[in-house]
Amino acid sequence: MKALVVPAEGPVLRQVLRGIADAGVVDVGVVVAGPDDGVKAEAGDGSRFSISITYLPEQPGQAGTIGAVRSAREWLADDDFVLCAGDGFPPGGIVEPLEEFRVRRPAAQIMAARAPGPSSWDVYFFTSALHTAVEAVQRPAAGGDGLSDALQWLYDKSLGVTVCSAEPDGAGSAHGAAGAGPAGG
């Protein structure tokens, strides 16, 4: 299992990296958009979080969440991975949802909380099936970054999309199974 992080700044990035480490994921890729946006100075090599960080340059023309997945394709290989959008992290962590993902094995498991302010976050668990979906969905729908389209593709192919409903306080449980409708953006 690997983790792919689309970073934010300062305390949020530290919270995401600590949460990933707490879940036992130690191989972390961080997609960076510029030559030095402060992320490397903040996270270093990951040793202070007990993880190993590989910095992955954002590929030209590959912005957004799906752009990060495309930029990290070679590094991710065919490993399962958790994708943290970097804008926040569930206060209750991801240990239980990660274990549920490992047991249930959907192509995608989505855990999100939408609330005003810093309480919003998105965490996604994926198998390598996401790469096939990303390749199949070359251009995102107008106004999207392609993640919803890729999730819809997985759903349409009956590969399994599970949605974890969660509250900003971290409480949550998984719902759905193969064929559950997609969510995300």
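The model shown is predicted, which means the values in this text are computed figures rather than measured ones.
- Using modelled atom types, one side-chain atom of Q109 and one backbone atom of P97 make a donor-acceptor pair closer than 3.5 Å.
- Side-chain atoms of T162 and F125, non-hydrogen and from C-beta on, never get closer than 4.5 Å to each other.
- Checked against V134 for a side-chain contact (heavy atoms from CB on, under 4.5 Å), the options D149, L147, I66 give a single hit: I66.
- Here the CG atom belonging to L98 is positioned 10.5 Å from the CE atom belonging to M111, to the nearest 0.5 angstrom.
- The side-chain heavy atoms of I110 and V161, taken from C-beta on, include a pair separated by under 4.5 Å.
- Applying the side-chain contact (heavy atoms from CB on, under 4.5 Å) test between C84 and each of D122, V16, V30 identifies V16 as the sole match.
- With a 4.5 Å cut-off on side-chain heavy atoms, I51 and V25 do not count as touching.
- Under 4.0 Å is where a charged nitrogen must lie from a carboxylate oxygen, and between D45 and K40 no such pair does.
- Considering R104, E99, E100 as possible partners of R102, the one that fulfils the side-chain contact (heavy atoms from CB on, under 4.5 Å) test is E99.
- Looking only at distances, no side-chain donor or acceptor of R14 sits under 3.5 Å from a matching main-chain atom of R18.
- Using a 4.0 Å cut-off between charged nitrogen and carboxylate oxygen, D80 and R105 count as a salt-bridge pair.
- F81 and H131 have parallel rings, their planes meeting at less than 30° on a 0 to 90° scale where 60° marks the start of perpendicular.
- By the 4.5 Å heavy-atom criterion applied to side chains, V123 and P90 are counted as neighbours.
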